[in-house]
Amino acid sequence: MRRALAGAVVLALLVAACGRPSAEDTTTTSSTLPEESTTTTSTTTSTTSTTTSTTTTTTIPPTTTTTAPTASTVPGRWASRPLIVAPWGALGWWDGSKWVGTVASLPVSGGEDYQVVSFAGSGIVRGGAPTELCEPVFNPGVELSDPARLGEWPGPVGVAISAPWIVQPHLLEVLAPTSTHIGHARELLASHGLDIAAPIVKQVLRVDLEGDGVNEVVVVAANIEQPFWTVNPGDYSVAFMRKVVDGEVQTLILGGLIATAPGGEGDIQYVYSIGGIGDLNGDGKMEIVLHGSYYEGEWVEIWEYVNDDLGLMRRLSAGCGA
Ligand SMILES: [Ca+2]
Ligand SMILES: [Ca+2]
């Protein structure tokens with residue numbers, strides 16, 4: 001209930017952030033380009049090598065073609081579907097054309113490998129057979145050999161994915177906060193009515209989500225260490241991304257608690273962090289894992305930057321708590 005509310009606020013903020021009507025169709029151009037260029041390449045190849053007489057090769061579905069640049073794969077025992085899991089349950093997977101939220105039956109039998117996508121750890125962990133996690137919620141999921149590598153409450157906590165592709169194909173750097181990032185946080189809080197001279201910046205990530213050569217910056221600012229019940233005026237916990245869209249920097253909020261007044265009945269603190277960043281559907285573009293924690297629980301959400309018109313969209317999530 002609470003979380004749904006928070007989500008609504010976040011979405012409202014997002015819409016506000018992305019709502020700028022832009023006639024410029026950079027989006028269409030960028031999404032069409034890879035397909036076109038790939039097609040051109042394969043056509044040229046077939047012309048050169050006379051042996052490959054079949055033009056059928058050119059008809060490879062765009063999805064597969066887009067994955068091609070990320071040619072190299074990671075050795076391991078992978079699930080039949082690229083299952084994404086959190087320590088307390090499965091989130092779902094990409095089925096080749098759409099995101100699929102967790103269903104009762106998971107595409108694993110036990111013994112699969114999972115690549116860790118987290119700022120708390122890295123590497124590969126092993127997953128067990130499908131089971132139920134997070135009593136008494138009983139989420140479908142798998143026990144991981146080393147769940148702590150994904151992180152622990154109050155965060156950040158990332159995810160793990162049973163997929164063979166390179167999960168971080170483009171630039172991703174953890175930076176130390178500078179006055180510039182503090183300034184970005186100050187600006188954002190002020191635009192929501194909270195004036196804080198020097199907000200506490202917890203995370204700064206420089207990333208090129210889609211590998212277009214233009215870097216994005218993801219910032220987390222918070223003055224709450226461990227979330228508790230009461231929301232006090234001046235509480236803040238925000239995760240946001242600054243991205244250049246049509247030559248202008250836009251600020252997109254992934255999750256946020258900004259309190260300008262004492263919390264009402266039933267309001268509780270949330271602490272947001274970026275759990276991880278990685279390509280979770282194998283299209284060569286990286287998604288952002290948002291982690292949220294509260295007094296009695298936590299959850300993760302996967303956000304995909306779809307295009308410059310739609311901006312960030314929440315695709316999958318899973319949580320555990322009261
Ligand atoms: Ca970029
Ligand atoms: Ca992706």
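Ligands are counted one by one from 1 in listed order, and the atoms in each one are counted from 1 as well.
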Name of the [X] atom (N/O/S only) found closest to the Ca ion (ligand 1):
X      : value
Glu210 : OE2
Glu216 : OE2
Asp212 : OD1
Asp208 : OD1

Salt bridge flag under 4.0 Å for residues [X] and [Y]:
X      : Y      : answer
Lys243 : Glu210 : yes
Glu225 : Lys202 : yes
Asp113 : Arg126 : yes

- Among the N, O or S atoms of Glu287, the one nearest the Ca ion (ligand 2):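 Output for this pair reads OE2.
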
- Query: Out of the N/O/S atoms in Asp279, what is the name of the one closest to the Ca ion (ligand 2)?
  - Reply: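 Going through the N, O and S atoms of Asp279 one by one, OD1 ends up nearest to the Ca ion (ligand 2).
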
Under 3.0 Å from the Ca ion (ligand 2), is there any N, O or S atom belonging to [X]?
X      : answer
Asp283 : yes
Met286 : no
Lys285 : yes

Donor + acceptor pair across side chains of [X], [Y] (<3.5 Å):
X      : Y      : result
Asp279 : Gln168 : no
Trp99  : Glu304 : yes
Asp95  : Ser97  : yes

- Under 6.0 Å between the ring centres of Tyr295 and Trp153?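 No, too far apart.
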
- the Ca ion (ligand 1) to nearest N/O/S of Val214 less than 3.0 Å: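 Looking at Val214, which is the residue asked about, there is an N, O or S atom under 3.0 Å from the Ca ion (ligand 1).
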
